[in-house]
Amino acid sequence: MRRFAVAALVCAALALGVALRDLDCPGLYYDEVIQAEPALWFLHAEPAPPEVPGETHAQIFGRPFPLMTQPYMGALKSQLLVPVLALSPDARSLRAATLMVAVLGIVCAMAFARRAYDLPTAVLLGLLLAVDPSLLFIGRHDWGSFSLGFLLRSFALLALLSGWRKRSAAWLFAGGLAAGLGIYNKIDAAVPLLAAGAALLIAAPGWLRELRDRGAALVAAASGLVLGAMPVLLGVIPALRVTLAAARAGARLGNGQSEIAEKTSALLATLDGSYFERLMRAGGSFERLALQDAATATPFVALFLVACVALAIWIALDLRRGRPARGMRFALAVALLSLVGMLATPRAVRIHHFLNAWPFPHLVVAVAAMEAWRRFERGRAVARAGVALALAAALLGALRADRATLENVRATCGKGRWSDALARFAPALASKGAMAVALDWGFAGPLRFVAPDLQVQEPIWAMGIAPSTTLRGGAGQVYLVLEPEYAVFPYGPALLRAIAGLPPDAVHVHHHVDREGDTAFVSLRFAGPHALVYRGGHVEVQLQ
């Protein structure tokens with residue numbers, strides 16, 4: 001136990017040493033704060049929280065206690081952020097907290113591997129996870145609530161295995177509860193959970209018969225699962241409707257790329273660790289991510305594929321010899337089933353979806369490496385050297401990618417949707433008593449987070465539903481829009497086209513630049529009373 005504790009501390013220190021730097025860069029991203037905001041509303045006893053699609057809360061002692069963030073994502077992260085943001089409501093604290101949660105997930109994954117396999121496998125798994133750029137940077141710039149989902153998944157594996165071996169109803173209940181809370185955290189956590197169950201049946205078919213003889217164990221785990229997932233299960237029908245509607249609407253993406261093509265590209269970039277650096281270079285635009293060729297990749301994809309093939313061969317050989325090879329079968333099956341499950345999930349096209357499979361790809365590599373080490377025990381020094389070199393290349397390659405990503409983040413402090421230009425502009429906007437009107441995705445949440453006193457309107461969720469929408473304002477309204485390169489909604493580019501023919505003194509336009517001098521976003525302020533009428537993809541400006 002002491003050796004494991006030392007190994008876990010080393011891996012945790014390595015992960016924090018890599019990622020706990022430059023936390024103030026890049027600028028805050030909308031999905032980073034989507035679950036931090038409800039925590040602040042609760043702390044501030046906000047009487048009328050902003051209307052965010054899918055957000056629900058309950059009044060507790062006159063405070064809006066968060067329940068759901070979106071129809072498919074619970075507010076568990078918001079609830080846990082309350083004490084963090086009570087102490088320090090800033091971006092650095094938010095990112096440090098989510099990174100710490102991800103690191104705790106690494107430790108739990110190591111503890112599971114130690115119990116399911118052995119200490120060397122657990123140590124190797126921890127090292128691979130501790131330097132993985134995808135895990136570290138999505139962990140600290142958490143969206144899709146990855147960090148909490150990863151911790152809950154890793155702890156559920158550990159607790160369920162411990163409870164089964166110890167015949168402990170308490171541990172089984174805790175494991176089921178963690179798995180259920182993972183689903184409450186985000187409904188697609190059900191995919192790796194189902195994959196783990198199917199992989200267990202593949203690895204140990206007799207387990208199902210044993211389960212029938214241990215009904216109390218099933219009841220304990222199932223009770224925890226249902227209790228933890230209850231809030232999202234009550235709304236599962238609306239969540240499925242939202243997902244299916246998005247799938248139908250996005251059968252073909254706006255950039256002409258098919259969903260399976262985007263999923264494949266995202267999966268490869270997630271596995272090779274280049275995803276976050278690509279996203280930074282693309283200015284936070286997922287649509288332009290695949291076009292970024294300068295990002296630094298790791299050799300993990302090749303190592304994972306080789307490990308999969310090696311395990312498949314060894315499993316087949318062992319089965320011919322009458323050996324069960326349960327550990328290898330579970331590792332290979334759960335990784336492949338999790339990844340295939342995410343590929344099959346509608347609209348699961350981005351990194352935080354594929355990270356639902358973590359830590360299983362790394363478990364495959366760790367199990368295969370240790371199996372190779374054992375099989376090459378005698379008289380095969382060259383083969384063992386090859387295994388050691390491959391692992392060293394993977395670890396050093398990951399550290400190289402970590403460094404390149406951090407250098408990009410430090411140099412630019414974000415571009416486009418992720419630029420810190422918005423945070424630099426917000427205090428001045430608040431000091432003038434202006435009202436910010438967010439005419440695209442990505443403005444409202446970060447503005448409210450960095451400038452709580454600023455009045456912010458976000459009409460984009462209602463615009464376009466009716467045949468026409470009219471926004472009325474005066475000189476106090478400042479409209480924030482993205483240029484076509486980064487725009488998510490069409491309203492900003494339509495407004496920029498509409499003002500092209502106005503007199504120069506009718507509207508003041510300012511291009512806010514990032515640290516490299518490129519436009520991050522545009523603000524517009526009209527000289528006096530006006531109305532903006534949006535219909536049919538066009539904006540008509542009526543000066544009054």
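In this text, all values refer to a predicted model and were calculated from it rather than measured experimentally.
Annotation: Arg63, atom CZ; neighbour count of heavy atoms from other residues, nucleotides and ligands within 6.0 Å is above 12. Atom CZ of Arg410 is surrounded by more than 12 heavy atoms from other residues, nucleotides or ligands within 6.0 Å.
The side-chain heavy atoms of Pro231 and Leu67, taken from C-beta on, include no pair separated by under 4.5 Å. The shortest distance between side-chain heavy atoms of Leu225 and Leu193 falls below 4.5 Å. In this structure the side chain of Cys11 never reaches within 4.5 angstrom of the side chain of Leu129, judged on heavy atoms. Between Ser154 and Leu158, every side-chain heavy-atom pair lies at or beyond the 4.5 Å cut-off. Between Phe150 and Ile106, some side-chain heavy-atom pair lies under the 4.5 Å cut-off. Counting only heavy atoms from C-beta outward, the side chains of Leu524 and Leu496 approach each other to under 4.5 Å. Under the 4.5 Å side-chain criterion, counting only non-hydrogen atoms from C-beta, Lys186 is not in contact with Leu76. Contact annotation: the side chain of Lys263 approaches that of Val349 to within less than 4.5 Å [non-hydrogen atoms, C-beta and beyond].
Closest heavy-atom contact between Ser338 and Pro192: OG-CA, 3.9 Å. Nearest heavy-atom pair, Leu99 versus Leu136, reported as atom, atom and distance to 0.1 Å: CD1-O, 3.9 Å. Taking every heavy atom of both residues into account, Ala266 and Phe354 meet most closely at CB-CE1, 3.9 Å. Smallest separation of non-hydrogen atoms from Pro71 and Val232: O-CG2, 4.2 Å. Residues Asp514 and Lys415 share a closest heavy-atom pair of OD2-NZ, 2.7 Å. Nearest heavy atoms, Ala36 versus Leu85: O-CD1, 3.6 Å.
Within the structure, salt bridge (Lys or Arg N to Asp or Glu O under 4.0 Å) contacts touching residues 436-452 (residues at least two apart or in different chains) are Glu37-Arg448. Listed by first and then second residue, the disulfide bond (SG atoms under 2.5 Å apart) pairs that reach into residues 15-102 are Cys25-Cys413, sequence neighbours excluded. Evaluation of the salt bridge (Lys or Arg N to Asp or Glu O under 4.0 Å) test over residues 416-429, restricted to residues two or more places apart or in two chains, returns Glu287-Arg417, Asp420-Arg424, Asp420-Arg515. Each salt bridge (Lys or Arg N to Asp or Glu O under 4.0 Å) pair with one or both residues in residues 102-116, not counting sequence neighbours, would appear here, but there are none. Applying the disulfide bond (SG atoms under 2.5 Å apart) test to residues at least two apart or on different chains, none of the pairs has a partner in residues 67-112. Within the structure, no pair that satisfies the disulfide bond (SG atoms under 2.5 Å apart) test touches residues 70-106, not counting sequence neighbours. Here salt bridge (Lys or Arg N to Asp or Glu O under 4.0 Å) pairs that include residues 6-21, with residues two or more places apart or in two chains, number zero.
Of the possible polar contacts, none joining the Asn408 side chain to the Thr405 backbone as a donor-acceptor pair under 3.5 Å is found. No donor-acceptor pair closer than 3.5 Å links the side chain of Ser162 to the backbone N or O of Ala159. Formation of a donor-acceptor pair under 3.5 Å by the Thr98 side chain with backbone atoms of Arg140 is found in this model. Within the 3.5 Å criterion, the main-chain N or O of Gly139 finds a donor-acceptor partner in the side chain of Ser147. Gln477 places no side-chain N or O within donor-acceptor distance of the main-chain N or O of Val437, the cut-off being under 3.5 Å. Formation of a donor-acceptor pair under 3.5 Å by the Ser419 side chain with backbone atoms of Gly416 is not found in this model.
Under the rule for a side-chain contact (heavy atoms from CB on, under 4.5 Å), the partners of Pro493 that lie at least two apart in sequence or sit in another chain are Pro484, Ala487, Arg497. Remark: Ala398 pairs with Val131, Pro133, Thr298 by the side-chain contact (heavy atoms from CB on, under 4.5 Å) rule, at least two apart or across chains. Residues passing the ring pair (Phe, Tyr, Trp, His ring centres under 6.0 Å) test with Phe304, sequence neighbours excluded: none. Residues passing the salt bridge (charged side-chain N to carboxylate O under 4.0 Å, His left out) test with Lys77, sequence neighbours excluded: Asp142. Every residue meeting the side-chain contact (heavy atoms from CB on, under 4.5 Å) condition with Leu289, not counting sequence neighbours, appears here in chain and number order: Tyr275, Arg278, Leu279.
Checking Thr345 against Asp188 by side-chain atom types alone, no donor-acceptor pair falls below 3.5 Å.
Note that OG of Ser145 is 4.5 Å distant from CD of Gln35, once rounded to the nearest 0.5 Å. Rounded to the nearest 0.5 Å, atoms CG (Leu181) and CG (Leu152) are 6.0 Å apart. Distance NE2/His352 to OG1/Thr270: 10.5 Å, rounded to 0.5 Å. The CZ atom of Arg92 lies 8.0 Å from the CG atom of Leu20; values are rounded to the nearest 0.5 Å. Rounding to the nearest 0.5 Å places CG of Leu447 at 12.5 Å from CD of Gln455. Atoms CE and CZ, from Met435 and Arg525 in turn, are 12.0 Å apart once rounded to the nearest 0.5 Å.
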Please lay out, stage by stage, how Val365 and Leu391 fare under the test side-chain contact (heavy atoms from CB on, under 4.5 Å).
-> CA-CA 9 Å; Val365 172; Leu391 292 173; 4.2 Å; yes
Yes or no on side-chain contact (heavy atoms from CB on, under 4.5 Å) for Met342 and Leu267, after CA distance, side-chain angles and deciding distance?
-> CA-CA 10 Å; Met342 295 317 304; Leu267 174 57; over 6 Å; no
Under the side-chain contact (heavy atoms from CB on, under 4.5 Å) criterion, do Thr296 and Arg403 qualify, and how do the steps go?
-> CA-CA 9 Å; Thr296 307; Arg403 179 180 177 181; over 6 Å; no
Run the side-chain contact (heavy atoms from CB on, under 4.5 Å) check on Leu480 and Val522 step by step: do they pass?
-> CA-CA 6 Å; Leu480 305 178; Val522 180; over 6 Å; no
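With ring centers used as reference points, Tyr29 lies under 6.0 Å from Trp441.
Ring planes of Phe137 and His141: parallel class, angle under 30° (limits at 30 and 60°).
Only one option out of Phe276, Phe521, Phe286 pairs with Trp418 in a ring-ring contact (aromatic ring centres under 6.0 Å, His included); it is Phe276.
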